[in-house]
Visitor: 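Just passing along the structure, written as structure tokens.
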Amino acid sequence: MSDRYQFDVIEKKWQEYWAANNLFKTTEEAGLEKYYLLEMFPYPSGKLHMGHVRNYSIGDVVMRYMKMRGYNVLHPMGWDAFGLPAENAAIQNGIHPFVWTQDNMEEMKVQLKRLGIAYDWDREVATCKPDYYKWTQWIFVQFFKHGLAYKKKNPVNWCPSCETVLANEQVVDGLCERCSTVVGKKDLDQWYLKITDYAERLLSGLEGLPGWPEKVKLMQKNWIGRSVGAEVDFPIEGSDKKLRIFTTRPDTLFGVTFMVLAPEHPYVAELVEGTGQGAAVDEFMHRLQYLSDIDRASTTLEKEGVFTGKYVINPLSGTKAPIFIANYVLMDYGSGAIMAVPAHDQRDFDFAKKYGLDIVPVIEPENPEIDLDRLEEAFISDGKMINSGKFSGLPNREGIARITEFIEKEGIGKKSINFRLRDWLISRQRYWGTPIPMIYCSECGWNPEKEENLPVLLPTDVKFTGKGESPLTTSKSFEDAKCPVCGRSAKRETDTMDTFLDSSWYFLRFCDSQNEAEAFSKDNAKYWMAVDQYIGGVEHAILHLMYARFFTKFLYDIGSCSVDEPFTNLLTQGMVLKDGRKMSKSIGNVVPPDVILKKYGADTARLFILFASPPEKELEWSDAGVEGSYRFLNRVYRLAAELAEAVAGAPGSYAAVTGADKEMDYMMNYAIKKVSNDISTRFSFNTAISAIMELVNEMYKYKERADRSEGLVKKALDSLILLLSPFTPHICEEMWQMAGHSGCVYKAEWPAYDESALVMDVTEIVIQINGKVKERIMASSGLDRDGLAEAALSDPKVKALLEGKKVERHVAVPGKLVNFVIRA
RNA sequence: GCCGAAGUGGCGGAAUUGGUAGACGCACAGGACUUAAAAUCCUGCGAUCCGUGAGGUUCGUACCGGUUCGAUCCCGGUCUUCGGCACCA
């Protein structure tokens, strides 16, 4: 034991103690209330960054607090270990991705232990290991068996630099999320998961998640993008075919003046045939082909199109409308065709203006200043229906329902709901991912590998060129397989899965990570799920969190999992900034955690990160602030060292007698209440720490008193150590021992506060005149409204201020203030 | 463009239900200790004006207005910053 705070010695000592006693191991204890706490597992890049330190420090406070509150806390950690960087390392340095990843996992595990985070490492998982990806494959097979996995040839997003397919989600502003290359299109046979079958439930399930930030739920809601409207069939003139469209505005059906198809629409060739428009259409299509996705998707791109030469008949009004092809209609939403109502849709309006098409208003604005005959822009608000046959005169909102009813009755169309959400493209032309366990037989088609043959192992005899097709095709033996149905020789799928599949169920594997017979036992999953608190970066608000919800709902449906929402409460932590900007290598403002750990230790790093900002906000890194946190821990340590010896034989109880005792007693109980409340209900760690600092300040004052109560000093010191221990566990273990306790603080009980100590004899009351603070008086705590006013009026200064003024009335709030309202 | 969040001292932030704005910390300044420095301890620290002083005045939570005895908090409008979506019919 030393008088000086030697963080390096202390931290090493206690980390070894925790490990040697296997303190963080968790089992399924039937008698205890469970608490499943999870931080998003990292990609093993090799080194922790400050964002990780923040994420895991936040989690560890909750872990240690809940543990002290008596919960059986599951707090596991693992590795999202498949992904591109490992493969790039293989290409550049010739290191096998497995070796590179394994080294990184080991290095990062050492760093996590160095931070003192209380994880049950016995449950560690790595998604790149066969004992894990075997079950990722198994889940994929279940998807296939339930008709939710299918293969489709489609123009896909293709990154020419990474030479791989990207999901829509991985294309940001038309650029590859990873390398920022302009994304192109390529026709490929790809595996998809039918997440759209779950669109409705993914949306409605959000309402059952009050513990999620509104912001995240809103982002998911927008991403799913539910639109209610109608499908309507328009007969094509001179053909027995009908053109099906989707609209959210059936109330504007009488205003249709033309139709527009997506360029990829299957009817295009047939429609154009024999109309003389062939050359014009060809020319238009040719031009579109050379537009990059980024231009094609741009809203500033001028709307362009070409007439097909054919017309439809409006099934409601009987009028003729020309069919166009245009660049602003998307093939993969709705039916790839729209009815155009230029008077009431801005895009249709722009197009009509450019090509001189009719604009027929069918909704009348309430505002008389809008002249429907000279529209400058589309009128998109509500109004009364006009020019709409027997529906004229209705408010348009009502018209939507009435027209939908009518077309259903007439067999022209029906109510329909469309989602912005698309099916999930999961094929990747990459090596370092879970092999898709599918086999193609020329007789039987695509079938999954037999479950008893899983996992389909990644081959090791592959070449990493970084070019062309999946590296799995370079293996000599991988592709050769037997058809699981007929036994003939067949070919394996050589693409691997999007790594988001791996991370969509890891929280379930943690419930039972060593299970060799199944992905996880139902019983264990039932015991632990759902995750009570999930913590991670807001960058995963949409993709990861939605995919994990999708997997959980599916596993619930097939009876594997007892809950259909995986995460009850979600905390999205803010970024760590330096000089107002995200820490990044290219800016050169990165503060590496190991440098801070070496100089100040883990406790200081954790304390600073938790104190500097509330967890959901951005955190501005400050070297001076770290220094301050370090000073505080030194101050606490000196206090403990001084008091521990002094109070070694102090009584276990105390009576607060003098005013100073009462203040000390109040401060201690206030701190216990505040810290408990801040951790458990608000995750407000910064204010919890400030309350602890106030307690320390008070203790420094109190200990100087000659008449101090030794029993109170002892109680205050114990409370201080316990309150601080979730934030800075190592120094607290050391001080706990110094204070004469034999067990470790991790297993100690969280302190309780005494409500009666929080009631003071006198309270400061603010006296206001017309809402402005004029005086403060000390009044007995129990005073009611009248008593307060009386006390205020008897104060000489208040008397003087009110002299000669007419008090109209007063407002008194017990325990807070009195406000006198006087005439000006 | 649409949707959402935020704006408080020199800085990070606090004020939990409409009731003392600026807790706690950083930085800074002055002082104590020291031969000196570091460390530590003490004091001050939104602006303004009045006063030698004790103390007091007025303004102040992005801006303009409203509700209220009382507004950082509620309502309407404006500006700025950040985030999400972006031709989704």
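Chain A is the first sequence line, chain B the second, and so forth, proteins listed ahead of strands; every chain is numbered from 1.
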Visitor: State the syn/anti category of B/rG83 according to its glycosidic angle, syn meaning within 90° of 0.
Guide: anti
Visitor: Decide whether A/Glu663 and A/Tyr702 meet the rule of one side-chain donor and one side-chain acceptor closer than 3.5 Å.
Guide: no
Visitor: Looking at every non-hydrogen atom in both residues, tell me the closest pair between A/Val329 and A/Pro263 and how far apart they are.
Guide: O-CD, 3.8 Å
Visitor: Tell me the interatomic distance from A/Asn697, atom CG, to B/rU40, atom C1', rounded to whole angstroms.
Guide: 14 Å
Visitor: Provide the Watson-Crick or G-U wobble partner of B/rG83, both distances under 3.5 Å; none if there is no partner.
Guide: B/rC3
Visitor: Taking any strand in view, what nucleotide pairs with B/rG46 in a Watson-Crick or G-U wobble way, both distances under 3.5 Å?
Guide: B/rC59
Visitor: Below the 4.0 Å mark, does B/rA89 have OP1 or OP2 next to a side-chain nitrogen or oxygen of A/Arg420?
Guide: no
Visitor: Can you tell me how far P of B/rC11 sits from CG of A/Asp623, to the nearest Å?
Guide: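 Nearest whole value for this atom pair: 19 Å.
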Visitor: How close do A/Lys415 and A/Val228 get, counting heavy atoms only, and between which atoms?
Guide: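 Closest pair (atom of A/Lys415, atom of A/Val228, distance): CE-CG1, 3.7 Å.
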Visitor: Determine: side-chain N/O of A/Arg635 to OP1/OP2 of B/rA39, distance under 4.0 Å, yes or no.
Guide: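 Answer no for this pair, as no side-chain N or O of A/Arg635 is under 4.0 Å from OP1 or OP2.
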Visitor: Report, one pair per line, the protein and nucleotides 13-16 of chain B atoms (nitrogen or oxygen only) whose separation is under 3.5 Å.
Guide:
| unit_1 | atom_1 | unit_2 | atom_2 | d |
| --- | --- | --- | --- | --- |
| B/rG13 | O3' | A/Asn686 | ND2 | 3.2 |
| B/rA14 | OP1 | A/Asn686 | ND2 | 3.0 |
| B/rA15 | OP1 | A/Arg682 | NH1 | 3.1 |
| B/rA15 | OP1 | A/Arg682 | NH2 | 3.1 |
| B/rU16 | O4 | A/Lys674 | NZ | 2.1 |

Visitor: Output all residues satisfying ring pair (Phe, Tyr, Trp, His ring centres under 6.0 Å) with A/Trp621, sequence neighbours left out; order by chain, then residue number.
Guide: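 For A/Trp621 the ring pair (Phe, Tyr, Trp, His ring centres under 6.0 Å) partners, ignoring immediate neighbours, are A/Phe608.
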Visitor: Tell me, please, which residues at least two apart from A/Lys414 pass salt bridge (charged side-chain N to carboxylate O under 4.0 Å, His left out).
Guide: none
Visitor: Which pairs pass salt bridge (charged side-chain N to carboxylate O under 4.0 Å, His left out) with one or both residues in residues 605-626 of chain A, sequence neighbours excluded?
Guide: A/Asp60-A/Arg606
Visitor: Between B/rU72 and B/rA21, how far is it from one C1' atom to the other, in whole Å?
Guide: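 Nearest-Å result for B/rU72 against B/rA21 at atom C1': 8 Å.
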Visitor: Got a sec, which residues hit side chain to side chain contact (heavy atoms under 4.5 Å, CB included) with A/Asn222, two or more places apart in sequence or on another chain?
Guide: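 Here the qualifying residues are A/Leu218.
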Visitor: Is the distance from OP1 or OP2 of B/rC26 to the nearest side-chain N or O of A/Arg631 less than 4.0 Å?
Guide: yes
Visitor: Tell me every residue that passes side chain to side chain contact (heavy atoms under 4.5 Å, CB included) with A/Thr252, counting only those two or more places apart in sequence or in another chain.
Guide: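 A/Thr252 satisfies side chain to side chain contact (heavy atoms under 4.5 Å, CB included) with A/Arg249, A/Met339, A/Val341, A/His344, A/Val362, A/Ile363 only.
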Visitor: Report the nucleotide, chosen from B/rC3, B/rC24, B/rC69, that has the shortest atom-to-atom distance to any side-chain atom of A/Val821.
Guide: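 Among B/rC3, B/rC24, B/rC69, the one nearest the side chain of A/Val821 is B/rC69.
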Visitor: Just how far, in rounded Å, is C1' of B/rU57 from CD1 of A/Ile769?
Guide: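 After rounding, the gap between these two atoms is 14 Å.
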Visitor: A/Tyr198: which residues meet the side-chain hydrogen bond (donor to acceptor under 3.5 Å, both in side chains) condition with it, sequence neighbours left out?
Guide: A/Asp557
Visitor: Looking at every strand, decide which applies to A/Gly225 at a 4.0 Å heavy-atom threshold: base, sugar-phosphate, or nothing.
Guide: nothing
Visitor: Between atom CG in A/Asn770 and atom P in B/rU58, what is the gap in whole Å?
Guide: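 One finds 12 Å between P of B/rU58 and CG of A/Asn770, rounded.
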Visitor: Has A/Lys774 got a side-chain N or O lying under 4.0 Å from the OP1 or OP2 atom of B/rG70?
Guide: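 No, no such contact exists.
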Visitor: Considering residues at least two apart in sequence or located in another chain, which fulfil the side chain to side chain contact (heavy atoms under 4.5 Å, CB included) criterion with A/Ser676?
Guide: A/Tyr65, A/Arg69, A/Ile672, A/Trp750
Visitor: Grab the OH-P distance between A/Tyr630 and B/rA39 for me, whole Å please.
Guide: 12 Å
Visitor: For RNA chain B, which residues in residues 783-792 of chain A have a heavy atom at a distance below 4.0 Å?
Guide: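 None, since no heavy atom is under 4.0 Å.
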Visitor: Starting at atom NZ of A/Lys578, determine the distance to atom C1' of B/rC11, rounded to an integer number of angstrom.
Guide: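 Going from A/Lys578 (NZ) to B/rC11 (C1'), I get 14 Å.
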Visitor: For B/rC41, which nucleotide in any strand shown is its Watson-Crick or wobble partner with both distances under 3.5 Å?
Guide: B/rG31
Visitor: Which one, B/rA89, B/rC69, B/rC87, comes nearest to the side chain of A/Thr247?
Guide: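 The closest nucleotide is B/rA89.
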Visitor: Pick out the pairs of N or O atoms, protein on one side and nucleotides 18-21 of chain B on the other, that lie under 3.5 Å.
Guide:
| unit_1 | atom_1 | unit_2 | atom_2 | d |
| --- | --- | --- | --- | --- |
| B/rU20 | O2 | A/Arg776 | NH1 | 2.0 |
| B/rU20 | N3 | A/Glu764 | OE1 | 3.1 |

Visitor: Does the structure show a Watson-Crick or G-U wobble partner for B/rA36, both distances under 3.5 Å? Name it, or say none.
Guide: none
Visitor: A/Glu642: which residues meet the salt bridge (charged side-chain N to carboxylate O under 4.0 Å, His left out) condition with it, sequence neighbours left out?
Guide: A/Lys703
Visitor: Nearest whole Å is fine: how far is B/rC85 P from A/Arg422 CZ?
Guide: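 Whole-Å distance recorded here is 14 Å.
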Visitor: Quickly work out the A/Lys797 NZ to B/rA54 C1' distance and round it to whole Å.
Guide: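 Between C1' of B/rA54 and NZ of A/Lys797: 13 Å.
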Visitor: Among A/Ile325, A/Thr308, A/Ile245, A/Asn314, find the one that has a side chain to side chain contact (heavy atoms under 4.5 Å, CB included) with A/Met259.
Guide: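 Single side chain to side chain contact (heavy atoms under 4.5 Å, CB included) partner of A/Met259 among A/Ile325, A/Thr308, A/Ile245, A/Asn314: A/Ile245.
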Visitor: Partners of A/Lys774 by side chain to side chain contact (heavy atoms under 4.5 Å, CB included), sequence neighbours excluded?
Guide: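 For A/Lys774, the residues satisfying side chain to side chain contact (heavy atoms under 4.5 Å, CB included) (neighbours in sequence not counted) are A/Ile769, A/Lys772, A/Leu801.
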